[in-house]
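Throughout, a chain's letter reflects where its sequence line sits, starting with A, and its residues are numbered from 1.
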Amino acid sequence: MTEFDVVIIGGGPAGMAAALGARKKGVSVAILERDTRLGGILNQCIHNGFGLHYFGEELTGPEYAARFSKQVKEDGGISVFLEAMVLSLSEDKIVRAVSPTEGYLEIKAKAIVLAMGCRERSSGAIALAGTRPAGIYTAGAAQRLSNISGCLVGKEVVILGSGDIGLIMARRMTAEGAKVKLVMEIMPFSSGLKRNIVQCLNDFDIPLRYSTTVTRVEGKNRLTGVYIAPVDEKLRPDLSKEEFIPCDTLLLSVGLIPENDLLTGTSVAISPITKGAVVDEHRQTSLAGVFSAGNVLHVHDLVDNVSEEALIAGEAAALYALGELKGDRSFAVEPSGGVRYALPQRITAAEGKVKIYFRVDKVYKGRTVAVTSLGEVVKRKKTAVMAPGEMQNVEIDASLLKGDVKIFLEEQ
Amino acid sequence: MNTTCIMCPIGCALSVKEEGGAVVVSGNGCMRGQKYGISEFTCPMRVVTTLIKGAAGGVVSVKTKEPIPKSLVPAALKEAAAFRLQKSVHTGEVVIEDVAGSGVPFVATAEFEAK
Ligand SMILES: Cc1cc2nc3c(=O)[nH]c(=O)nc-3n(C[C@H](O)[C@H](O)[C@H](O)COP(=O)(O)OP(=O)(O)OC[C@H]3O[C@@H](n4cnc5c(N)ncnc54)[C@H](O)[C@@H]3O)c2cc1C
Ligand code: SF4
């Protein structure tokens with residue numbers, strides 16, 4: 001059986017950065033990627049705005065991916081298996097995959113990094129009522145068809161969900177000559193970046209309606225239109241105000257789910273909130289030697305954070321493979337009071353800095369984030385504004401921790 | 001003109017107008033919003049990213065090398081849509097020179113192999 005110190009599943013930005021992180025410790029590394037090239041979802045994100053934090057300049061998705069794939073290639077110590085679809089992984093760290101060139105592959109790893117990314121919630125996942133005509137796509141599927149295959153999926157478009165992928169696709173479809181009639185958001189605020197609302201919608205006079213949803217779709221073979229209605233505070237549609245909008249295409253941008261199906265049958269614990277693994281600050285899961293990073297761990301809005309997180313996971317996986325990863329203790333990190341989730345969920349280090357990433361449950365202005373350990377404040381950070389769509393972080397000093405950690409927004 | 005400041009997540013609603021020869025911004029929470037409001041009012045600039053088709057199939061992603069005036073964006077998109085790329089290009093290579101009279105070129109943001 002082929003053996004590697006560190007095996008990485010997925011060759012997107014998370015997988016590539018994890019590989020480079022592991023190589024810092026000189027171990028042998030393999031990346032298994034099911035696509036024909038490295039880069040993951042970045043290959044289809046042709047707009048710019050990536051890498052401002054990591055590289056200090058604005059790159060497009062393919063450019064950002066190319067920076068990393070070049071480093072992976074030049075490193076020389078990373079074996080890349082393309083078109084290699086991982087089918088399963090076992091508790092004793094044997095990874096099974098198939099590829100057209102290698103056939104059936106069994107690889108023994110000393111440590112594994114999960115970097116499979118996420119997938120989009122579909123019409124089934126949001127229980128869309130009505131017929132099942134052609135013309136309903138997730139925004140990401142439409143993005144792939146447009147940007148990789150060069151196909152325009154429709155001419156008269158309505159978009160449900162104001163997540164960034166939906167906003168970006170509104171501009172993309174307009175650029176290709178389609179008419180984007182409306183973007184709808186069920187919440188009273190957008191989960192997308194302000195910049196995308198201005199530059200993808202306002203610049204092209206595309207209307208955005210908050211607190212509105214699709215109630216049903218119509219069309220036999222091809223979509224002919226959607227019914228929409230405003231919703232109340234409990235998100236229940238007011239059917240007396242239902243309105244018909246003719247269109248041939250509905251794009252759904254209603255959220256992403258980490259792609260963790262491979263973990264079924266393993267002892268890796270999954271968080272019900274993030275839908276990703278529960279990890280410590282090294283991004284080590286509850287199964288020792290298995291690490292997780294990027295969108296498969298929790299959904300990120302900035303690829304820069306993905307790269308940063310994966311470097312940590314890759315380096316730690318290498319240390320584990322070498323038998324050098326330390327874990328002195330294990331304190332739980334518990335979110336409350338406005339903080340929806342915090343990651344890592346456990347801290348094992350007794351010293352050094354640990355960055356805690358978190359998301360809030362709604363928009364907050366002028367609030368202070370507090371981190372306490374056994375009731376004692378270890379860090380406070382005042383923020384101007386926090387929105388659920390923008391991941392926040394606060395850095396703490398691990399040597400100050402005496403027990404379990406709480407993170408919350410202080411009462412005003 | 002009414003717009004939203006994009007310089008930080010607060011997203012102040014800005015109102016910009018000309019008063020006695022000077023551009024006046026209101027609604028901004030800080031000075032960055034004033035600067036942004038003035039530039040959006042006088043000469044808003046955008047980096048345009050889009051796709052260009054290969055003459056024998058395939059697509060390559062491109063961007064304007066520098067931001068161009070927002071008023072030229074529709075013309076830039078039309079030019080890109082009508083263009084057919086005849087040759088292979090590397091990342092960073094010029095695909096169309098002088099986009100919509102802006103003086104700025106479209107450069108490839110990925111590798112493209114002509115069929
Ligand atoms: C459709 C879509 C569009 C997006 N658009 C934007 C955007 O416009 N701007 C932005 O900032 N962020 C965007 N994101 C977020 C973006 O995904 C992240 O910033 C970043 O790309 C995540 O990196 P990753 O490596 O974790 O995941 P990915 O980039 O998704 O990479 C995961 C890789 O793992 C591979 N893989 C999965 N399962 C297996 C398996 N079983 N075997 C082998 N390989 C496997 C996949 O093929 C893929 O290459 C988008 C996400 C999605 C889903
Ligand atoms: S004006 Fe200042 S505070 Fe308001 S959104 Fe712009 S940068 Fe933020």
Side-chain angles (χ1 to χ4, degrees), chain A residues 37 39 42-50 58-67 69-70 143 145-152 168 171-172 174-177 189-190 192-204 208 301 363-366 383-392, chain B residues 1-14 29-30 32-33 36-37 40 44-54 56-67 69-82 84-85 90-92 106-112:
Chain A
R37 55 179 166 171
L42 288 178
N43 288 321
Q44 69 184 66
C45 299
I46 63 161
H47 56 282
N48 66 327
F50 299 86
E58 272 197 59
L59 303 170
T60 64
E63 290 173 316
Y64 189 96
R67 295 256 169 126
S69 56
K70 189 161 172 268
Q143 189 180 48
L145 283 164
S146 158
N147 299 355
I148 308 276
S149 315
C151 310
L152 184 63
I168 297 278
R171 177 173 64 183
R172 185 77 250 144
T174 308
E176 296 293 332
F189 54 82
S190 168
L193 299 173
K194 279 270 149 33
R195 171 196 161 108
N196 286 336
I197 292 179
V198 171
Q199 298 195 348
C200 300
L201 300 186
N202 303 0
D203 273 9
F204 298 92
L208 168 60
D301 20 78
V363 180
Y364 293 97
K365 279 187 184 163
T383 59
V385 68
M386 288 181 286
E390 308 205 11
M391 195 153 63
Q392 315 286 325
Chain B
M1 179 187 75
N2 294 320
T3 185
T4 313
C5 178
I6 62 167
M7 301 312 283
C8 91
I10 295 182
C12 295
L14 305 180
C30 76
R32 283 199 293 163
Y36 173 80
E40 279 294 287
M45 304 291 281
R46 301 284 185 266
V47 168
V48 183
T49 56
T50 189
L51 295 165
I52 283 180
K53 290 199 167 71
V59 287
V60 62
S61 52
V62 297
K63 67 174 180 187
T64 53
K65 201 167 178 210
E66 315 280 337
K70 188 181 136 189
S71 57
L72 298 179
V73 171
L77 289 171
K78 273 211 184 93
E79 244 178 65
R84 292 292 173 272
L85 183 60
H90 292 296
T91 307
F106 266 133
V107 294
T109 56
E111 300 287 302
F112 177 73

Interatomic distance, CD1@Ile46(A) vs CG@Leu51(B), rounded to 0.5 Å, equals 4.0 Å
Does any heavy atom of chain B fall under 4.5 Å from the side chain of Thr174(A), the backbone, both, or neither of them? neither
Where does Leu193(A) contact chain B at under 4.5 Å (heavy atoms): side chain, backbone, both or neither? neither
Ala175(A), part contacting chain B, at a heavy-atom distance under 4.5 Å: both
Does either side chain, that of Glu40(B) or that of Thr3(B), offer a donor lying less than 3.5 Å from an acceptor on the other one? no
Looking just at side-chain N and O atoms, do Glu58(A) and Asn48(A) make a donor-acceptor pair shorter than 3.5 Å? yes
What residue, out of Val47(B), Thr91(B), Val60(B), has the most heavy-atom pairs lying under 4.5 Å from chain A? Val47(B)
Could you tell me which of Arg172(A), Arg171(A), His47(A) has the largest number of non-hydrogen atom pairs under 4.5 Å with chain B? Arg172(A)
Applying a strict 4.5 Å limit to non-hydrogen atoms, the region of Val73(B) in contact with chain A is side chain
Could you tell me whether the side chains of Arg46(B) and Thr64(B) share a donor-acceptor contact shorter than 3.5 Å? no
Between Ser61(B) and Thr109(B), does any side-chain donor sit less than 3.5 Å from a side-chain acceptor? yes
